[in-house]
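Side chains included, hydrogens not; waters and symmetry mates left out as well; all remaining heavy atoms used.
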Amino acid sequence: MCGIAGIIGNYNENQLDAMLLSQHHRGPDATGKYFDEGCIALGHNRLAIIDLSPKSNQPFIDNSGRYVLVFNGEIYNYIELKATLQNQYDFKTESDTEVLLAAYSIFGRGCLEKLNGMFAFAIWDNEDKKLFAARDRFGVKPFYYSIKSQSLFFSSEIKALHAAGISKIPNEKVWASYFAFGSYGMPDETFWEGIVQLQGGHFLEYENRQLTIQKWYCFEDEVAKQPQNLTFEQAKEQYVGLLKESIQLRFRADVPVGFNISGGLDSSVLLALVNLQENSKDKFNCKTGLRPLDKLGTGLAQTDPILERQGAINAYTFYTNNPDYDELPWVEKMIAKTHNPLTKVLLQIDEVPALAEKMALLQEEPYGGIPTLAYAKIFEQARKDKVLVLLDGQGMDEQWAGYDYYTQHNEATIQGITDSPFKSNMLSASFLAKAEKPVYPKPFDDAVLNKQYRDLFYTKIPRALRFNDRISMAFSTELREPFLDYRLVEFAFSLPLDYKIRNGARKFMLREIASEYLATDLVFAPKRALQTPQREWLAEDLGQWLGECFAVIEKSSFLDWFNKEELKRELQLYFDGNRQSSFHIWQCISFCEMLNIID
C-alpha cells in the first residue's frame with residue numbers, strides 16, 4: 001500500500017514535491033518521481049509489502065517504455081495472473097506492480113475484470129499522451145482529484161491536493177447534509193469544494209484536457225450471474241471454499257501479517273480461518289482445540305511459498321477498561337483456544353482530545369468518533385511490532401444482512417437507535433436549506449437487498465473504508481479486508497433471505513459455518529451496537545473539552561451555519577442526560593476540528 005500523486009497539464013516540480021511530502025506516511029520506504037515534460041508529473045510514496053527490492057519502486061515503467069504506472073494497493077491474485085502472462089511479457093521483478101502494468105499493456109481497460117485486489121492506480125501513456133486511472137470494485141483504496149487552471153491533480157489523500165494549491169473551501173452542501181441527515185456525501189463527493197472522488201468500480205481517462213468517467217464494475221449484473229437454487233448445504237460449502245481462499249490470498253506478503261479481532265462473530269470467524277493457513281504454527285480448530293484434518297480446499301496451491309515464511313500470527317484488539325463495552329473477555333476466551341500472540345491496546349480517556357485533533361488532520365473529513373481513535377492505536381502498536389499488514393473483519397454484516405434495520409420498515413442506517421440521532425434544529429434556516437436528503441438507487445426487487453446494496457456502495461462500507469485507510473496508513477501499515485473479496489460479496493448477496501436470517505438469528509449461514517470452529521456461546525454472542533463508552537466519556541470526563549469545542553464553533557466565522565441557541569440547548573440536554581446517541585455531539589467536534597484544518 002502506498003501513496004500516489006500526479007499533475008497533468010501545467011505543473012512545477014515543487015507542487016509534486018509538496019504532494020509527496022504530505023503523503024510520506026503512506027509510503028516511507030521510497031519516494032519516486034516521473035516527468036513527461038510539458039505533459040505530466042507523477043509521484044509515488046512506497047510502503048514495501050511484496051518484492052521489497054528497489055527494482056519494484058515506482059513510478060514503474062513497462063518494458064516498452066510506453067506506459068508508466070503509479071499504484072496504491074495490492075493485486076492479491078498476481079501470482080496466478082502472472083502465470084497467464086508469462087508468454088506475452090518478460091517480467092523483471094516479483095512484484096504485483098509489474099503484473100498490473102503488464103496486464104494493462106496487454107488487455108487495456110479489460111485488465112480490471114481480471115484483478116482480485118484493492119487498488120487505485122494511474123497509468124500514463126507516453127505515446128497517446130493519455131491518462132488512465134481506476135479504482136477497485138468497492139473503493140477500498142482512495143483516489144481524489146481536482147481540476148484547476150486546466151490541469152488535473154490527483155492523489156491518495158485530500159491533503160496532497162491542498163498541498164498542491166487547491167483551496168481549502170468547505171463544501172456547504174455536503175456539510176449541511178451531514179448535519180441534517182448523517183450523510184457523508186455521495187460516492188463521488190467530499191467535504192471540500194472542488195475536490196472529487198473517483199467512485200469505486202469506475203475508471204477515468206484524461207486526454208487533451210477532456211475528462212471521461214465510466215463504470216467498469218456492475219454489481220447487479222454479477223449478482224445475477226451467481227448459481228441459483230443451491231441447497232443450504234451446497235451454498236455453505238461453496239461459500240466456505242471462497243472464504244478460505246480469500247483469506248489465503250490476503251496472506252501474500254514479504255513482511256509479517258497479523259489480524260484485528262473483537263468479540264463478535266465476524267472477527268471470530270476470521271480468527272478461526274486465519275489459523276487454518278499453511279503458515280500458522282498452530283492450526284487449531286477453535287472449538288475443539290484440535291488440528292483440522294482437511295486441507296484448505298481452495299483453488300490455490302497448498303504450498304504457497306509466500307505463506308510459508310511466517311510462523312504464529314499476531315492478533316490485536318483494543319479495550320477501554322469499561323466492562324459495559326469492552327469485548328476483551330470474549331477475545332481472550334477465543335485466543336486461549338488458538339494460542340495466537342495477543343496484543344491488547346488500551347485507549348484512555350485523557351488521550352482523546354489530542355488524538356481527536358491528530359485524527360482530524362489525518363482524515364480531513366468527519367470520522368467515526370472515539371472507536372476510530374481506539375482502532376488507530378492498534379496500527380500504531382503493530383508498526384512498533386514490525387507487523388506491517390493487518391487483516392480485519394469488515395463487510396460481513398452488509399453481505400449477510402446482519403443489521404437489525406434490514407428487516408424494519410424504515411430508512412435507518414444506524415443500528416440500535418429509536419429516536420433520530422440527527423439534530424437539524426442546530427442549523428440555521430439558510431444553512432439547512434442547502435442540505436439534500438440522499439436518495440439511493442434501488443436496483444433490486446427486494447427491500448432487504450436494496451438496503452444491503454445501499455450500505456455496500458453508499459453508506460456504511462464507503463465511510464468505514466475511508467476511516468480505516470487513513471488510520472492504517474497514518475502509521476505506515478496496510479489493512480486488508482478478506483471479507484470484501486468481490487466473489488464472497490456477490491455470492492452471499494445472491495442467496496435467499498432464509499439463508500441469511502432464520503428464526504430471528506441474523507447471519508444464520510455464517511453462524512452455521514462458524515459453529516464448526518467456534519464454541520457455541522461465542523457463535524451466538526449478541527451483536528453490540530456500541531464499541532466504546534463515547535456517550536459517557538463526552539458527557540462526563542471529557543465535558544470540559546466538549547464545551548470548549550462548542551465554544552470554538554460559536555466564535556468562528558462559520559457561526560451563521562448554526563442556530564446558536566439550539567446549539568447551546570442540545571449541548572445542555574446532553575449534559576443533563578439525553579444521551580441515547582452522541583452522534584450529533586461528535587458531528588460538532590468534527591466541525592470544530594475542521595476549523596483547525598482551514599486555519
Side-chain angles (χ1 to χ4, degrees), residues 2-28 31-46 58-59 68 70 72 120-124 129-133 135 141-175 185 188-198 204-211 213 357-358 360-366 466 469-470 473-474 556-558 591 593-599:
C2 306
I4 63 174
I7 309 169
I8 303 91
N10 298 320
Y11 66 85
N12 64 63
E13 189 170 352
N14 290 338
Q15 285 178 299
L16 184 65
D17 289 340
M19 296 174 80
L20 293 172
L21 181 62
S22 73
Q23 295 184 151
H24 181 261
H25 52 280
R26 296 188 70 92
T31 299
K33 296 183 288 186
Y34 173 88
F35 300 96
D36 184 349
E37 190 171 348
C39 295
I40 191 169
L42 293 175
H44 189 264
N45 304 101
R46 186 183 184 198
Q58 301 178 43
V68 186
V70 287
N72 170 30
F121 67 84
I123 295 174
W124 176 247
K129 305 302 180 186
K130 179 172 69 174
L131 184 80
F132 177 86
R135 200 170 174 203
K141 304 318 303 166
F143 189 101
Y144 296 97
Y145 66 94
S146 183
I147 296 178
K148 178 183 178 182
S149 302
Q150 297 186 319
S151 293
L152 173 71
F153 297 76
F154 70 85
S155 61
S156 296
E157 295 190 14
I158 291 170
K159 61 176 59 66
L161 299 178
H162 288 156
I166 304 300
S167 300
K168 297 180 180 179
I169 302 174
N171 185 325
E172 293 191 0
K173 175 225 161 182
V174 174
W175 274 103
D188 62 339
E189 292 181 317
T190 74
F191 283 78
W192 298 96
E193 196 71 42
I195 296 178
V196 187
Q197 296 187 71
L198 178 63
L204 68 77
E205 293 177 314
Y206 190 72
E207 184 178 14
N208 296 325
R209 296 178 179 172
Q210 296 297 313
L211 176 67
I213 297 174
E357 182 178 357
K358 179 179 180 180
L361 295 173
L362 291 167
Q363 295 277 345
E364 302 170 288
E365 298 182 289
R466 192 253 293 170
D469 172 81
R470 300 306 182 279
M473 296 312 300
S556 77
S557 59
F558 292 89
F591 183 73
E593 299 292 359
M594 186 211 68
L595 295 175
N596 293 328
I597 297 175
I598 294 176
D599 294 340

Do side-chain atoms of [X] reach the backbone of [Y] as a donor and acceptor pair under 3.5 angstrom?
X	Y	value
Asn72	Gly3	no
Gln197	Glu189	yes
Gln23	Ala160	no
Arg135	Lys141	yes

Run the side-chain hydrogen bond (donor to acceptor under 3.5 Å, both in side chains) test against [X] and tell me which residues pass, sequence neighbours left out.
X	value
Gln150	Arg209
Tyr145	none
Glu364	Lys159

For this session: Run the numbers on Leu42 and Phe154 for side chain to side chain contact (heavy atoms under 4.5 Å, CB included), then give the verdict.
Result: CA-CA 9 Å; Leu42 293 175; Phe154 70 85; 3.7 Å; yes
Restricting to salt bridge (Lys or Arg N to Asp or Glu O under 4.0 Å), what partner residues turn up for [X], sequence neighbours left out?
X	answer
Glu365	Arg466
Glu13	Lys33
Lys129	Asp36

Exercise. Taking atom CD of Glu205 and atom CD1 of Ile123, what is their separation to the nearest 0.5 Å?
Worked result: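 One finds 11.0 Å between CD of Glu205 and CD1 of Ile123.
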Problem set entry | Separation of Leu362 CG from Met473 CE (nearest 0.5 Å) |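 So the CE of Met473 and the CG of Leu362 are separated by 11.5 Å.
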With sequence neighbours left out, what residues match [X] under side chain to side chain contact (heavy atoms under 4.5 Å, CB included)?
X	answer
Leu361	Ile597
Gln15	Ile7, Tyr11, Asn12, Phe153
Glu593	Ala356, Glu357, Ala360, Trp545, Ile589, Asn596
Ala133	Ala122, Phe143, Leu204

Problem set entry | By ring-ring contact (aromatic ring centres under 6.0 Å, His included) - contacts of Phe132 (at least two apart) |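 With sequence neighbours excluded, Phe132 shows a ring-ring contact (aromatic ring centres under 6.0 Å, His included) to Tyr104, Phe203, given in chain and number order.
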Exercise. Does Trp192 have any ring-ring contact (aromatic ring centres under 6.0 Å, His included) partners at least two apart in sequence or in another chain, and if so, which?
Worked result: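 Trp192 satisfies ring-ring contact (aromatic ring centres under 6.0 Å, His included) with His162 only.
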